Amino acid sequence: MDNTRTKIDAGLADLADPLRDFRNRFELPNGVIYLDGNSLGALPKTVRQRVAKTISEEWGEQLIRSWNTADWVHLPQRVGKKIARLIGAEEGTVIAADSTSINLFKVLSAALDLNPGRSKIISERDNFPTDLYIAEGVAKQVGKGHRLVLVDAPADIPAMLDEDVAVLMLTHVNYRNGYRHDMAELTKAAHDKGILVIWDLAHSAGAMAVDLTGADADFAIGCGYKYLNGGPGAPAFLYVNPRHQGGFRQPLSGWFGHRSPFDFEPAYSPSSSIEQYLCGTPPVLAMVAMDEAMSLWDDVDMAAIRTKSIALCDYFIQEVDTFADELGLKLVTPREAEWRGSQVSYSCDNGYAIMQALIARGVIGDFRAPDIIRFGMTPLYLSFAEVGQAAAILKDILATRAWDTPEYHVRGAVT
Ligand SMILES: Cc1ncc(COP(=O)(O)O)c(C=O)c1O
């Protein structure tokens, strides 16, 4: 345990918090301490009205005219532009579309195409499973003998970067333990060996400032429904470095990626811009919700987000440290802020039941098999007082074994 840190006082920290007014811009139920914004972000208040207006006026009255009059057709570009600022991407390099899994399929296929004659895709065994599953599928689909090679620890990555590696595919912040890679350093190490790099920003976008341009990343993907608060199943995003745009094709060659979809030509001719990464008709209601959720970020200072995120995590760790050893919790998130994202995770026995008992007491986090309980820290709508209360409730549940009842052991389809 690191006892050299200054103890955080929740009351003082809340008073000094420059982001505290943002909480009023979200709908949050009374009696809930929401520590799961890393899985599904809270509802920004204006999204409700904006979606209602889209339904009643744009769809209900204007009908198909709204593709032009409400500019539905350019929602993927508009949303992409708003996300670009948060991830350090230049204009015209980010687009909102599809899901993170599908976007990974597109950019990984493109990256392998751009780096022929090499057979390996390197990733981590502990990467989010959909990334690994998609990579397996792409390798099979391309059919040129590509294989996915997995490392067991971040420290093993540099030694794996040799002349037979085509792509390094990593998630910036690990979904399970919150470990954060050094994006610039790993991207450079890969580029020095002629390797292209794809970053999954699912747990970084909106949780901290990301600098894709500074790191010279080749491709990136990420979710809209986590820290960006775009709503359940919100459109995802993808980034393509300008040097890779136009020089190749992504394989999902749908009509929205055509250079002129409304010419209705029988042959596919791809757009040379980021629009090539669109496939079919955008889901307008979901895009509108995402667009509205993203407008809140215009007023957000990303440096303040990171400062508060670090402090919230430090505070939670500090409070849980007082009982973790005694009550069976092992911190699996790095203590050093530089090496973590915006979540705190513990491994423990009976983690699923413990999380159910917490949820029953109004503290919503989640469980990741086999033994991790996760607490996501979202600087826009969490207070230090709530984080302190969550730690106290966790202690009480562990000390009284309140989790040890049959109902808390029954697993839902989603954990
Ligand atoms: C790192 C990472 N990538 C991808 C996903 C999910 O992708 P999709 O939106 O396609 O379900 C998640 C979901 O939690 C994730 O944590």
Side-chain angles (χ1 to χ4, degrees), residues 35-41 76 79-80 83 87 94-109 121-138 148 150 154 167-181 183 186 197-208 210 212 217 219-239 250 252 277 279-280 282-283 286-287 289-290 293 332-333 340-345 355 364-369 372-378 412-415:
L35 304 180
D36 216 2
N38 53 328
S39 220
L40 172 65
V79 174
I83 297 170
I87 58 175
V94 179
I95 199 132
D98 304 310
S99 66
T100 306
S101 306
I102 292 175
N103 288 338
L104 178 58
F105 180 87
K106 298 174 201 168
V107 300
L108 179 56
S109 305
I121 303 163
I122 303 285
S123 195
E124 290 181 277
R125 198 172 308 283
D126 202 21
N127 197 348
F128 191 80
T130 205
D131 295 40
L132 304 182
Y133 303 161
I134 291 286
E136 268 185 44
V138 169
L148 177 63
L150 303 178
V167 174
L168 174 63
M169 180 191 84
L170 294 173
T171 293
H172 186 210
V173 173
N174 183 285
Y175 79 105
R176 217 193 280 275
N177 59 25
Y179 175 89
R180 182 174 86 136
H181 287 291
M183 180 183 282
L186 281 171
V197 189
I198 299 173
W199 289 102
D200 183 335
L201 303 179
H203 297 274
S204 331
M208 66 196 71
V210 175
L212 289 174
F219 299 91
I221 51 172
C223 299
Y225 48 76
K226 297 178 186 289
Y227 294 94
L228 299 180
N229 312 306
F237 65 87
L238 65 79
Y239 160 85
Q250 64 96 357
L252 294 180
Y277 285 83
C279 182
M287 278 282 173
M290 181 80 197
V332 295
T333 301
R340 68 172 187 243
S342 197
Q343 72 184 60
V344 181
S345 305
M355 187 48 72
I364 302 184
D366 60 23
F367 169 75
R368 287 294 172 262
I372 302 281
I373 50 175
R374 295 195 307 181
F375 302 94
M377 302 295 160
T378 46
V414 175
T415 61

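Counting begins at 1 with the first residue of the sequence. Remember, it's 1-based here, ligands and their atoms both numbered in the order they're listed. All heavy atoms count here, side chains included; hydrogens, waters and symmetry mates do not. This one's a predicted model, so the numbers in the text were calculated from it and none came from an experiment.
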### Task
Do me a favour and list the nearest non-hydrogen protein atom to atom 7 (O) of ligand 1 with residue, atom name and distance?
T100 CB, 3.5 Å
### Message
Return the closest protein heavy atom for atom 6 (C) of ligand 1 as residue, atom name and distance.
### Response
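So the nearest neighbour among protein heavy atoms is Y225 OH, 3.3 Å.
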Atoms of ligand 1 close to [X] [distance to a heavy atom under 4.0 angstrom, numbered from 1]:
{"X": "S99", "answer": "10 (O)"}
{"X": "T171", "answer": "1 (C)"}
{"X": "A202", "answer": "1 (C), 2 (C), 3 (N), 15 (C)"}

Looking only at heavy atoms, which two atoms of [X] and [Y] are closest? And how far apart?
{"X": "I372", "Y": "S345", "answer": "CG2-CB, 3.7 Å"}
{"X": "S109", "Y": "V138", "answer": "OG-CG1, 3.9 Å"}
{"X": "A293", "Y": "G230", "answer": "CB-CA, 4.1 Å"}
{"X": "Q343", "Y": "N177", "answer": "NE2-C, 3.9 Å"}

### Message
Contact between L201 and M183 at the side-chain level, heavy atoms closer than 4.5 Å - yes or no?
### Response
yes
### Message
Less than 4.5 Å apart, side chain to side chain, heavy atoms only: is that true for N38 and Y227?
### Response
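N38 reaches Y227 side chain to side chain.
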### Query
Taking heavy atoms and a distance under 4.0 Å, where does S101 meet ligand 1: side chain, backbone, both or neither?
both
### Message
Taking 4.0 Å as the limit for heavy-atom contacts, which would you say applies to D131 with ligand 1: side chain only, backbone only, both, or neither?
### Response
side chain
### Query
Less than 3.5 Å between some nitrogen or oxygen of H203 and one of ligand 1, yes or no?
yes
### Within-cut-off N or O pair, K226 and ligand 1, under 3.5 Å
yes
### Message
Judged on heavy-atom distance to atom 5 (C) of ligand 1, which of F128, Y175, F105 sits nearest?
### Response
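Looking at heavy atoms only, F128 sits closest to atom 5 (C) of ligand 1.
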### Task
Closest by any non-hydrogen atom to atom 2 (C) of ligand 1: pick that one out of D200, I221, T130.
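Looking at heavy atoms only, the winner is D200.
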### From D200, L108, V197, residue fulfilling side chain to side chain contact (heavy atoms under 4.5 Å, CB included) relative to M169
L108
### Task
Check the side chains of N127 and T171 for a donor-acceptor pair under 3.5 angstrom, ignoring hydrogens and angles.
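Yes, side-chain donor-acceptor contact under 3.5 Å.
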